[in-house]
Amino acid sequence: MYHLECIECDKTYPASELIHTCVECGGLLEVAYDLDKISVDFVESNQPQSVWKYRALLPFPADFKPVTIQEGGTPLYKLDTLAKTIGATNVYVKHEGLNPTGSFKDRGMTVGVSKAVELGMTTVACASTGNTSASLAIYGAKAQIPAVVLLPEGKVALGKVAQALMHGAKVLSVRGNFDDALALVRQLCDSEGFYLLNSINPFRLEGQKTIAFEVAESLGWKAPDVLVLPVGNAGNISAIYKGFKELKALGIIDSIPRMCGIQAEGAAPIVEAFNKTKNMIQPEMNPETIATAIRIGNPVNAAKALRALYESGGTAISVTDEQIVDAQIKLARLEGIGVEPASATSVAGLIKLMENGTIKRDEVAVCITTGHLLKDPEEVIRMCEPPIVVDATVESITKAVFG
Ligand SMILES: Cc1ncc(COP(=O)(O)O)c(C=O)c1O
Ligand SMILES: [Zn+2]
């Protein structure tokens, strides 16, 4: 029913093969299904949304028991006050920050760690800008498999480090950036036989594609006109695009959204490639942005992501740190949606794309907010006015409230 397939030369491999890239050409791999033989029972089902609701399109035998802590089923909010301020009428936010560890990574990890169990792997590992490590730590704990995580020293938001530590991962702080940590963990997995759970692992992306399924289902099995999301290592944009493509191939939806990838100005190699060099990525050697989750200079899934952008008629743009923070505050104060900086890039990007006419004000646009506000409390404390200290008297309090 499913196998691995190289996106460059189409060579196929059994799903049980322990490889990260095509042995023939080095291309990225993806999971391919024999769609003719699959019965998509979830379309008629009244079951609540969750990653495993869509298991007909996940790469496991029907009787396999997954490692799960109830991921997915996140809300799709229709924006109200914020939408009015930009003159938009059909903008939605899918808040992936409401997954078990507070980010969309849980969708990938429930599938990825389940695959590690199925394959009999004894240690799981990843490099991470933070959220992947938090997620791997929790699923490693649930499966009782040791997890090793490599983080760029001093560049990971506090909440994410706390999660990785508390759930019992072996946390290593690498003197280098994320791209260095990823290169190292790939070597470590090759030499030690650890199971690599970065987004180069195609099974992880299978879990993440369920974002597309939930968006389409929430809109009455229809695709939005555009889907806007932050891009770092470029796994999520590739996964969500694949999800929409599968629904279309199965005749469940009749269109695919224009995929719009948003990067931070100081870490925008996909935007550069999209606008200048087409399929050639020129790595950004010193990526820098307040959105530490997407502080990535050499995105490993670039080939898949660029395909998603070109084939869907989408676009890739960058936004400044100021625009990111502005969108984060607007989401928090106009809509009651608390997100970390990287997540706010989607909304900052949407605003820019509506202002320049790339997205029309009445189009159905879905922004993905990828991680929760509490992931990065230090940045919030730096940004906001501190609490006002008052005496324990009503007089002092009313004076502070009314100025
Ligand atoms: C909050 C958040 N948003 C976006 C991303 C980027 O996702 P991807 O690397 O799949 O492009 C990450 C990745 O770490 C993240 O943690
Ligand atoms: Zn190949």
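Whatever order the structure lists ligands and atoms in, that order sets their numbers, starting from 1.
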Enumerated ligand 1 atoms positioned under 4.0 Å from heavy atoms of [X]:
X	value
Val231	11 (O)
Thr129	14 (O)
Gly235	8 (P), 10 (O), 11 (O)
Asn131	1 (C), 2 (C), 15 (C), 16 (O)

How wide is the angle at the Zn ion (ligand 2) between SG in Cys22 and SG in Cys25, to the nearest 10°?
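Approximately 110° at the metal, rounded to tens of degrees.
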N/O separation below 3.5 Å, Ala234 to ligand 1
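Ala234 vs ligand 1: N/O contact under 3.5 Å present.
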What residue and atom, counting heavy atoms only, is the protein's closest point to atom 7 (O) of ligand 1, and at what distance?
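Heavy-atom neighbour on the protein nearest atom 7 (O) of ligand 1: Phe104 CZ, 3.5 Å.
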Nearest to atom 2 (C) of ligand 1, what protein heavy atom do you find, and at what distance?
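The closest heavy atom on the protein side is Thr370 OG1, 3.3 Å.
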If you measure from NZ on Lys170 to CG on Leu165, what distance do you get to the nearest 0.5 Å?
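The NZ atom of Lys170 sits 11.5 Å away from the CG atom of Leu165.
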What part of [X], side chain from CB on, backbone N/CA/C/O, both or neither, has a heavy atom under 4.0 Å from ligand 1?
X	result
Asn236	both
Asn233	both
Ile294	side chain
Glu340	side chain

Identify whether the distance between the nearest side-chain nitrogen and carboxylate oxygen of [X] and [Y] falls below 4.0 Å.
X	Y	result
Arg382	Glu378	no
Arg307	Glu8	yes
Lys209	Glu246	yes
Arg107	Glu214	yes

For Phe60, is the NZ or CZ atom of Lys115 found under 6.0 angstrom from the centre of its six-membered ring and inside 45 degrees of the ring axis?
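The answer is yes, since Lys115 meets both limits relative to Phe60.
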Tyr13 ring centre to Lys11 NZ or CZ under 6.0 Å, with the angle to the axis within 45°?
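Output yes; distance and angle both within limits.
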CD of Glu17: more than 12 outside heavy atoms within 6.0 angstrom?
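Yes - once you tally the heavy atoms of other residues, nucleotides and ligands closer than 6.0 Å, there are more than 12.
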Atom 14 (O) of ligand 1: which of Arg295, Glu96, Lys105 has the nearest heavy atom?
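The residue whose heavy atom sits nearest atom 14 (O) of ligand 1 is Lys105.
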For atom 15 (C) of ligand 1, tell me which residue out of Ala293, Ser133, Ser103, Gly108 has the closest non-hydrogen atom.
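When every heavy atom of Ala293, Ser133, Ser103, Gly108 is considered, Ala293 comes closest to atom 15 (C) of ligand 1.
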Taking the inter-plane angle between the rings of Phe42 and Tyr54 on a 0 to 90° scale, is it parallel (under 30°), tilted (30 to 60°) or perpendicular (over 60°)?
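The rings of Phe42 and Tyr54 stand perpendicular, inter-plane angle above 60°.
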Applying a strict 4.0 Å limit to heavy atoms, is Ser199 in contact with ligand 1?
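Judged by the 4.0 Å heavy-atom criterion, Ser199 does not count as contacting ligand 1.
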Quick check: closest heavy atoms across Pro299 and Asn233, and the distance to 0.1 Å?
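So the two residues come closest at CA-OD1, 3.3 Å.
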